[in-house]
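Chain A is the first sequence line, chain B the second, and so forth, proteins listed ahead of strands; every chain is numbered from 1.
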Amino acid sequence: MKNYDHKKIEKKWQAEWDKKKIYQAKDGKGKKFYSLIEFPYPSGDGLHVGHIRSNTAMDIISRKRRMEGYNVLYPIGWDAFGLPTENYALKTGKKPALVTKKNTDTFRRQLKEIGFSFDWSREVNTTDPGYYKWTQWIFLQFLKKGLAYKSKTTINWCPKDKIGLANEEVVDGKCERCGTPTEKREKEQWMLGITKYAERLDKDIDLVNYPERVKASQKNWIGKSEGSEIEFGIKNLKDKIKVFTTRADTLFGVTYVVLAPEHELIQRLKSQITNWEEVEKYIEKVKKESELERNAEGKEKTGIELKGIKAVNPANNEEIQIYIADYVLVGYGTGAVMAVPAHDERDFEFAKKYKLPIRQVVMPYNFDTNNPPRLGKDNTKREVVHIILRNQKDKTVLIEFLKGEKWGDLSPKNFIIGGIENGESEIETAIREIREETGYTNIKFVEKIPLEVQAEFYAAHKDVNRVAHVHTLVFDLLSEEKVEIEEDEYFTKDSHEIKWVPFADVEKTVNIPDDKMIWKYFYEGGLAVLDYGILINSGKFNWQGSKEAIKEITKFVGGKMVTKFKLRDWIFSRQRYWGEPIPVVNCPKCGFVPVKEKDLPVKLPQVKSYKPTDTGESPLAGISKWVNVKCPKCGGKAKRETDTMPNWAGSSWYYLRYTDPKNKKEFASKKNLKYWLGSDPRHGGVNWYNGGMEHTTLHLLYSRFWHKFLYDLKLVPTVEPYLKRTSHGMILGEGGVKMSKSLGNVINPDSIVKTYGADTLRIYEMFMGPFEDAVVWSTESIIGSRRFVEKVWRVGMSVAEQNKNSPAFALGDKRTGDRHGSLNFSPAPLEKLLHKTIKKVSEDIEAMRFNTAISAMMIMASEMEKNKSVEKEDYKKFLQILAPFAPHCTEELWHNLGEKSSINLSKWPKWDERLLIDSELKIILQVNSKVRAEIFVPSDEKEEDIKKRALANESVLKFTEGKEIKKIIYVKNKLVNIVV
RNA sequence: GCCCGGAUGGCGGAAUUGGUAUACGCGCACGACUUAAAAUCGUGUCUCGCAAGGGAUGUGGGUUCGACUCCCACUCCGGGCACCA
């Protein structure tokens with residue numbers, strides 16, 4: 001018996017696979033499968049255990065697909081441009097290109113030692129001029145189509161990295177990389193027009209198979225919103241203020257208008273504004289605030305009125321104030337909003353602070369689900385008052401508790417309610433109702449709550465369906481003085497009880513929706529009602545449904561329906577050295593001129609210093625030899641663009657290059673693209689792409705954008721790059737925290753491979769927990785995976801021993817015949833378990849349930865070891881399903897049994913459905929849902945007989961004797977439950 | 001604040017068209033082998049109870065013969081978005 005020596009075996013087979021090139025994909029041959037992982041950034045820290053988790057998962061899937069007869073492309077490359085390398089180079093004086101070379105060498109060695117089945121012949125590197133030539137070429141196509149343009153923008157500037165950041169790279173107002181709070185700077189930057197694709201990026205999400213949370217994230221980031229653009233006039237002036245709103249139904253409730261401090265109109269109206277000095281000061285203040293300060297949590301909104309000018313509400317010609325405020329963003333919509341404090345939380349907050357009027361125009365519509373209108377009853381409508389009768393002395397409110405079967409399941413608990421009779425005022429009604437229902441007479445009117453509500457319910461006391469238009473009045477109780485309450489047929493002392501309830505308990509005591517809302521409004525001093533409802537105070541639109549009125553009101557004031565997106569154009573310039581140079585020349589005569597395609601790539605020059613400058617210019621600007629060129633158009637003196645691309649550029653199209661990595665004429669040939677992505681535009685793409693959640697909004701969105709652009713140029717055959725996306729969970733350090741150098745909890749895969757072997761590491765990482773969840777690393781637990789591998793090894797050794805003297809086919813052949821008819825042999829329990837395991841593992845791999853697949857194989861391995869005689873063919877099938885997880889040891893054991901070709905190219909075993917059926921079934925016997933016994937019955941036993949057996953069972957009888965059997969429930973093949 | 005996910009033994013986790021809760025693994029305890037240790041193998045390992053039995057899947061309710069699974073309310077944890085009108 002050979003000992004399991006992982007070092008020897010793994011090295012041997014890695015060399016063999018390399019030599020025979022068994023994992024190389026063949027362009028255009030047979031049915032294909034393109035599986036992809038995010039290519040790593042080769043940092044100086046070496047491979048992270050997190051890389052291994054993602055890579056192993058896709059490796060397992062790729063290996064299974066190969067065994068299923070697919071021509072698999074599982075490529076690898078390096079996303080090597082970027083800041084850490086440049087910063088390291090800066091610190092050590094080493095060349096970034098050399099640092100990259102060293103790091104990729106390390107990564108390559110590590111990846112090979114774990115036995116991933118990458119097609120190494122297609123390795124790409126974004127920093128290779130042969131690669132970035134095409135990144136630059138694609139940029140020129142953007143330029144040609146007007147989608148790349150230079151624009152002066154306020155950028156997020158990181159003072160430490162000295163670099164402009166895209167919005168997506170600013171997290172909580174801080175630089176994503178170094179955590180320094182960002183500043184705002186004005187700078188000319190290259191932009192990519194991703195917003196032109198916003199609609200399609202949003203819509204086409206439906207074509208692909210991404211996890212829901214990823215889809216939701218992308219949609220949220222794109223931020224599509226449909227609304228209206230409406231113009232507000234300015235009194236005595238020709239200028240208009242255009243606002244964007246999704247709630248045109250609330251137009252009659254506008255009580256002021258707000259402009260962003262950066263709004264261009266403000267400067268134009270300077271002469272009309274009477275408090276200009278103040279206004280200017282305010283604008284300066286806002287500008288100086290960093291992104292962090294302006295967005296700080298809980299920050300109070302600030303603003304200032306533009307005095308001397310008034311806006312005119314086009315709906316009712318009302319003159320209203322104009323404000324500028326920091327809560328309105330210049331970059332979204334029109335940079336101006338109509339403020340409806342009654343129905344928008346932000347406007348409400350601002351209006352409260354600056355004491356601006358609040359006018360309700362949408363009346364909430366409460367349909368009482370506890371007491372809904374009933375069919376066949378009369379429908380009535382009433383004007384109604386609800387009365388909050390307050391006792392200021394002990395801070396209580398009077399609440400009515402109604403009782404009786406009339407009210408259905410839930411007895412109403414509400415404020416005093418009364419219908420307004422003809423000719424009565426609301427106050428008169430209230431006084432009358434209080435006297436009639438409570439007897440109190442010494443009361444004082446306090447206020448009317450400026451919130452009207454409409455309610456629809458079944459009014460049990462009158463036996464009608466009712467729509468009530470609710471007005472709410474507040475009264476104070478002055479003394480306990482009372483008169484006798486008169487009873488009538490529906491209002492009796494029994495049906496009705498009153499209680500004084502403390503303020504704090506009112507909300508949870510009242511149980512009709514209107515009173516809950518009214519109380520909240522009263523108690524909190526008002527609130528913004530966001531729901532759609534019924535319009536009031538809205539001229540001719542009164543009593544319409546507010547949602548339905550949006551289009552009409554927009555039309556009424558001459559506005560138009562528009563779609564807006566949160567997504568902004570992509571800031572594409574970086575003022576750094578280690579990135580793709582933007583291939584443009586700036587000519588004093590001709591402006592920005594693209595470098596001729598034949599002159600690509602524009603290579604990075606060799607420089608001494610990579611230091612970025614405080615002026616914000618790239619280090620490239622200092623290299624006059626490189627910067628000064630002839631204009632490609634006029635031949636005159638010109639200067640190269642010195643900005644470089646962000647490192648999202650190279651990763652936006654790398655999956656395309658894999659299909660044809662050495663092509664010198666195109667970024668990839670149409671033929672190869674068509675083969676690997678498929679030719680159906682709406683149903684093609686990379687078959688399966690696994691990556692981290694952290695790339696959901698940046699990389700994934702950017703590459704979808706580039707892909708769609710290339711599709712429009714008819715350069716790629718599909719509208720989407722990736723058909724299916726999955727995400728692995730993070731691996732956390734021991735203690736459940738992120739692995740980081742500073743915490744010293746980073747696991748070095750090299751040492752794990754050395755001690756336990758690559759197969760063990762792969763199995764461990766897949767066994768740790770559900771693939772999509774975060775898991776905590778535990779070096780202590782790895783031993784379990786190692787024991788499993790060793791167990792498989794021991795079984796393999798004994799199977800080989802048993803078969804030493806018998807020809808290879810002798811044992812295996814006996815069941816190759818009749819596959820479809822009845823079984824002509826009685827299968828051993830072990831064989832049945834094998835087929836169950838094959839099925840489980842096959843299905844679990846597809847669903848990425850690697851942990852349960854491994855668990856099933858562990859059970860199988862233990863059973864094989866217990867069972868002294870294991871059929872060789874059974875064992876070999878077991879090896880085959882294990883091979884994607886542990887390719888090295890299974891290959892060794894496979895060959896040890898006389899096989900000559902690789903297990904990794906063998907045919908994936910099929911399970912035999914007939915072997916999954918048990919001849920005997922275990923039936924659980926329950927009495928009153930408690931398990932009392934289990935019995936075994938033949939699988940074809942009739943329901944009646946099983947029930948009979950159950951009733952006769954001794955343990956069951958103990959609990960049923962002398963009791964009446966009410967019911968017997970039988971669940972097929974599972975249990976019998978006897979209810980007594 | 002909003003959106004998404006989650007809560008099951010000492011630990012990682014398994015079980016959902018509702019049907020034996022705790023598979024598999026780690027750890028721990030005991031035993032076998034050994035002069036001994038390691039490794040390996042075996043047995044045990046939610047909890048109360050001598051037992052018969054009872055209780056337990058974050059908390060409280062509900063539906064059901066039966067709930068980790070479905071419904072309602074809540075607590076806590078993780079992730080994402082965050083003045084987007």
Side-chain angles (χ1 to χ4, degrees), chain A residues 171-172 211-217 219-221 223-225 227-228 243-248 250 258 260 294-301 325-329 331-340 343-347 349-350 508 564-568 693-694 696-697 729-730 732 736 763-764 767-770 772-788 790-791 794 849 851-859 861-862 865-866 922-934 958-959 966-980:
Chain A
V171 177
D172 289 335
E212 276 314 311
R213 56 189 170 142
V214 172
K215 286 191 180 185
S217 240
K219 286 220 167 216
N220 182 273
W221 196 267
K224 181 175 175 172
S225 114
S228 324
V243 303
F244 173 71
T245 178
T246 54
R247 291 297 300 269
T250 63
V258 194
R294 192 163 166 179
N295 290 333
E297 203 172 331
K299 183 188 176 294
E300 214 174 84
K301 295 170 180 36
D326 58 358
Y327 79 95
V328 175
L329 307 173
Y332 182 73
T334 60
V337 303
M338 58 182 226
V340 189
H343 303 291
D344 182 282
E345 277 176 348
R346 295 151 301 183
D347 299 339
E349 192 191 319
F350 192 80
K508 60 178 191 233
K564 299 274 179 193
F565 297 91
K566 278 197 242 176
L567 189 68
R568 314 289 157 86
M693 275 306 284
E694 69 274 21
T696 299
T697 42
M730 260 202 303
L732 302 168
I763 286 169
Y764 172 65
F767 185 60
M768 288 173 89
E772 306 223 330
D773 292 0
V775 284
V776 176
W777 180 269
S778 161
T779 302
E780 193 183 60
S781 299
I782 299 173
I783 190 69
S785 303
R786 169 73 186 200
R787 284 177 189 150
F788 166 59
E790 286 178 3
K791 192 178 280 184
R794 282 196 305 274
R849 291 188 299 252
N851 52 337
T852 50
I854 291 168
S855 151
M857 289 189 286
M858 282 174 168
I859 294 170
S862 296
E865 188 164 51
K866 270 188 220 154
K922 187 160 82 172
I923 301 289
I924 302 301
L925 304 184
Q926 295 182 332
V927 180
N928 281 353
S929 308
K930 290 224 152 79
V931 179
R932 297 304 177 188
E934 55 185 48
K958 256 186 4 197
F959 295 91
K966 285 187 187 151
K967 206 173 177 184
I968 300 174
I969 293 143
Y970 173 68
V971 181
K972 198 163 184 274
N973 299 345
K974 286 212 169 113
L975 62 77
V976 177
N977 186 12
I978 299 160
V979 185
V980 295

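The separation of B/G13 from B/G6, taken at their C1' atoms, amounts to 14 Å, rounded to a whole angstrom. Across B/C65 and B/C76, the matching P atoms stand 35 Å from one another, rounded to whole Å. Separating the C1' atom of B/G18 from that of B/C83 is a span of 45 Å, rounded to the nearest Å. B/G55 and B/U34 have their C1' atoms separated by 45 Å, given to the nearest Å. Between B/A67 and B/A56, the two C1' atoms lie 14 Å apart (nearest whole Å). B/U45 and B/A39 have their C1' atoms separated by 23 Å, with the value rounded to a whole Å. Straight-line distance between the C1' atoms of B/U59 and B/C77: roughly 15 Å, to the nearest whole Å. On the C1' atoms, B/G78 is 23 Å away from B/G10, given to the nearest whole Å.
Checking B/C65, B/C26, B/G19 against every side-chain atom of A/Val979, the shortest atom distance belongs to B/C65. The side chain of A/Val337 lies closest to B/A85 when the candidates are B/G19, B/G80, B/A85. Minimum atom distance to the side chain of A/Val328 is reached by B/A85, of the listed B/G13, B/G25, B/A85. Of the candidate nucleotides B/U20, B/A14, B/G19, B/G19 has the atom lying nearest to any side-chain atom of A/Val971. Considering only the side chain of A/Ile969, B/C65 comes nearest among B/G53, B/C65, B/C81. Checked against B/C4, B/A85, B/C81, the side chain of A/Leu329 finds its nearest nucleotide in B/A85. Among the nucleotides B/A14, B/C65, B/U20, the one closest to the side chain of A/Glu934 is B/U20. Checking B/G53, B/C26, B/G12 against every side-chain atom of A/Glu780, the shortest atom distance belongs to B/C26. Looking at the side chain of A/Ile783, the nearest of the listed nucleotides B/C26, B/U20, B/A85 is B/C26. Relative to the side chain of A/Pro770, the nucleotides B/G54, B/G13, B/A52 differ in distance, and B/G13 lies closest.
Across all strands shown, A/Val931 has heavy atoms under 4.0 Å from sugar-phosphate atoms exclusively, and none from any base. Within the nucleic acid shown, A/Glu345 has no heavy atom closer than 4.0 Å to any nucleic acid atom. Here A/Arg786 lies out of heavy-atom contact (under 4.0 Å) with every strand. A/Lys566 comes within 4.0 angstrom of a base, heavy atoms only. Using a 4.0 Å heavy-atom criterion, one finds that A/Ser781 contacts the sugar-phosphate atoms exclusively. Nucleic acid contact for A/Ile859: sugar-phosphate only, since backbone atoms but no base atoms lie under 4.0 Å from a heavy atom of the residue.
OP1 or OP2 of B/G55 sits under 4.0 Å from a side-chain N or O of A/Lys930. OP1 or OP2 of B/C41 sits under 4.0 Å from a side-chain N or O of A/Arg794. For the OP1/OP2 pair of B/A14 and a distance below 4.0 Å, the side-chain nitrogens and oxygens of A/Asn851 include at least one atom meeting the criterion. Proximity of A/Lys215 to the phosphate of B/C4: no side-chain N or O atom is located under 4.0 Å from OP1 or OP2. The shortest distance between the side-chain N/O atoms of A/Ser929 and the OP1/OP2 oxygens of B/U64 is not below 4.0 Å. Side-chain nitrogen and oxygen atoms of A/Lys967 include at least one within less than 4.0 Å of the OP1 or OP2 phosphate oxygen of B/C65. Close to B/A85, at under 4.0 Å from its OP1 or OP2, lies a side-chain N or O of A/Tyr332.
A/Glu772 places its CD atom 12 Å from the P atom of B/A14, with the value rounded to the nearest Å. Rounded to whole Å, atom P of B/U64 lies 16 Å from atom CG of A/Asn928. Remark: C1' of B/A14 and CE of A/Met857 are 16 Å apart, rounded to the nearest angstrom. Spacing between atom CZ of A/Phe350 and atom P of B/A85 amounts to 19 Å, rounded to whole angstrom units. Atom-to-atom, NE2 of A/His343 to P of B/C83 comes out at 23 Å; the value is rounded to the nearest Å. The CZ-P distance, from A/Arg787 to B/A39, rounds to 7 Å in whole Å. Put simply, NZ on A/Lys791 is 11 Å from C1' on B/U40, counting in whole angstrom units. Here B/A39 presents its C1' atom at 9 Å from CD of A/Glu790, a figure rounded to the nearest Å.
One N or O on the side chain of A/Asn928 and one on the backbone of A/Val980 form a donor-acceptor pair closer than 3.5 Å. The main-chain N or O of A/Val340 is found under 3.5 Å from a side-chain atom of A/Asp347 such that the two form a donor-acceptor pair. Under the 3.5 Å distance criterion, the side-chain polar atoms of A/Ser855 are left unmatched by any main-chain donor or acceptor of A/Asn851.
A glycosidic torsion no more than 90° from 0 defines the syn conformation; B/G78 lies beyond that range and is anti.
Across the interface with RNA chain B, nearest-nucleotide mapping of A/Asn977 and A/Gly335 shows A/Asn977 to be the residue nearer the 5′ end. Between A/Met730 and A/Met768, the residue whose closest nucleotide on RNA chain B is further toward the 5' end is A/Met768.
Nucleotide B/G78 forms a Watson-Crick or G-U wobble pair with B/C4, both donor-acceptor distances falling under 3.5 Å.
Below 30°, between 30° and 60°, or above 60°: for A/Trp777 and A/Tyr764 the angle between ring planes is above 60°, a perpendicular geometry.
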